[in-house]
Amino acid sequence: MTSQKKINIKLYNSLTRKKEIFKPIDENNVRLYVCGPTVYDYAHIGNARPAIVFDVLFRLLRYIYGKEHVTYVRNITDVDDKIIIRAKNEYPNLALNEAIKKLTEKTTKQYHRDVKALMCLNPTFEPRATEHIAGMIKMIKNLLEKKHAYLAGDEILFDVSSIKNYGRLSNRKLDEQQAGARIKVDEHKKNAEDFVLWKLSGDDEPGWDSEWGYGRPGWHLECSVMSAALLGNIFDIHGGGIDLIFPHHENEIAQSCSANNNEKMANYWLHNGFLQVEGQKMSKSLGNFITINELLESEKFGGQKWAGDVLRLAMLMTNYKEPIDFSVKRLKEAKTILTKWKDRIIELGLDFTEQNREEIEALEPCSKLLFALADDMNMSGVISHLHRHAGGKKLHNAKRLFGSLQLLGLVNFESMQKWQKKKNKQKDNLDIGLIESKINERLQAIKEKNWSKADRIRDELALINILLKDSKDEKTGERITKWELKNE
């Protein structure tokens, strides 16, 4: 198979620290793995960024290679020390395993609701760590046999000094790290950076039987096993937040390559930048820790609820690799821009009635926008092309604008159908005759140079959300006034 669309995707590879042309291992099965949530609490807005960024990449890959030729895996971590602690605190009267089940089911369901509201597609597979324990035990045995792991105390640890290139992703050289200087070395560890593959569990803690005793896996091991099970030992793209480069992704590479005798785990590593809130690091102590659900359902941030598509655009307005300052100002800007784009699609004549569904859903994105998106998801270029079509005056511009926004996951047929009905309902509630009469009265006042009366009429119409736009007839030079509903 060759690509459906003749276009090269370029991606910044964190492993090589340069932008590269993306060349999949198999064009019939392009494979993407992204680290998903640890379901001990509702997902915060920092968790929203990778969900959105890699959803856009997933959509682009599907557009280029075909929906049936892209496999996207995003995992659920449902066994972790944070989960155990939260379950004990939240459900103190339940047996621990029952409390953990209740907590993880609740938070997983909420995560699914949140990312759906952010207009993210479902991944192809969403494995849970607890479904792959047998594979984790098998990998640990492999690493022990190859002398890459050792048993110490109540843990099995990976020996980072057993491999030559530990630290290549994060650009950390093991021989330059002074044990004990910045990282306290536990007495049972050979090296400060050695990490847990398996730890013994207490009688009341979750665990699984193994030849080393009743226990549970380390966090890093989980992603190595789940990705290999669903995508193979070497796959195309591994993504996640920049905070995961070290130690999580570094340790994934170490154990996967050691177990599978490979030089690579994934050919391309992509990382989105940090997120802060109103210029500060997000933390509960600062009172600026905000969940996706709170943004969608409460008025905690900025005194209003925010729509999922607005949150999505707010995240995409900055290049995915750069830090992002999440603010009320940013959300208001995103809401204004998105409202303008959606209004323009309707104004230019695209009709979202059911008989038009098939034709509209097949609309293509702007070709220049597509090239910008394929250039390492260059959103500044993407947004400039969206503005260009929104400023157009033809149905063609509406079609390209919708096709482009649909590719980005900012609109779909259903969302625009609802938008059109909303706009129609607003117009149905207006007295069109009164508006036109007021406009004519204002035009007469302008002719008579009665500026105060003209301004008063404009203000009166503004009170009922009517925005006036003045222009001149190109042939006669006479003033023309058009009106539209203001964005609420």
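Along the sequence shown, residues carry numbers from 1. Computed from heavy atoms alone, side chains included, the values below leave out hydrogens, waters and symmetry copies. Keep in mind the model is a prediction, meaning the values are calculated, not measured.
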Does one side chain, of D351 or Q420, offer a donor that lies under 3.5 Å from an acceptor on the other?
yes
Tightest non-hydrogen contact, residues A117 and L296, listed as CB-CD1, 3.6 Å
State whether Y12 and K19 meet the cation-pi test: NZ (Lys) or CZ (Arg) under 6.0 Å from the six-membered ring centroid, and within 45° of the perpendicular axis.
no
Residues pairing under salt bridge (charged side-chain N to carboxylate O under 4.0 Å, His left out) where one sits in residues 46-55, two or more places apart or in two chains, turn out to be D55-R59, D55-R312
So which pairs with a foot in residues 110-120 pass salt bridge (charged side-chain N to carboxylate O under 4.0 Å, His left out), sequence neighbours left out?
none
Y72 vs F58 aromatic rings, parallel, tilted or perpendicular, using cut-offs 30° and 60°?
tilted
Is a donor from one side chain sitting under 3.5 angstrom from an acceptor on the other, for H249 and H220?
no
C35 versus C223, closest heavy-atom pair with distance
SG-SG, 3.9 Å
Can you see whether S170 engages E250 through a side-chain donor-acceptor pair at a distance of less than 3.5 angstrom?
yes
Is any side-chain heavy atom of E364 closer than 4.5 Å to a side-chain heavy atom of L370?
no
Under 3.5 Å, is there a donor on one side chain and an acceptor on the other for T353 and N356?
yes
Is the distance between the ring centroids of W341 and H387 less than 6.0 Å?
yes
Distance-only check: which donor-acceptor pairs under 3.5 Å involve side-chain atoms of residues 38-45, not counting sequence neighbours?
residue : atom : partner : partner atom : Å
D41     : OD1  : R86     : NH1          : 3.4
D41     : OD2  : R86     : NH1          : 3.4
H44     : ND1  : G46     : N            : 2.9
H44     : ND1  : N47     : N            : 3.3
H44     : NE2  : N47     : OD1          : 3.4

Atom NZ of residue position K300 - does it have more than 12 heavy atoms of other residues, nucleotides or ligands inside 6.0 Å?
yes
Could you give all pairs that pass the salt bridge (charged side-chain N to carboxylate O under 4.0 Å, His left out) test and reach residues 396-414, with sequence neighbours left out?
R357-E414
Sort and list the pairs that fulfil salt bridge (charged side-chain N to carboxylate O under 4.0 Å, His left out) and have at least one residue in residues 100-110, not counting sequence neighbours.
E90-K106
Salt bridge (Lys or Arg N to Asp or Glu O under 4.0 Å) filter on R442, not counting sequence neighbours, yields D470
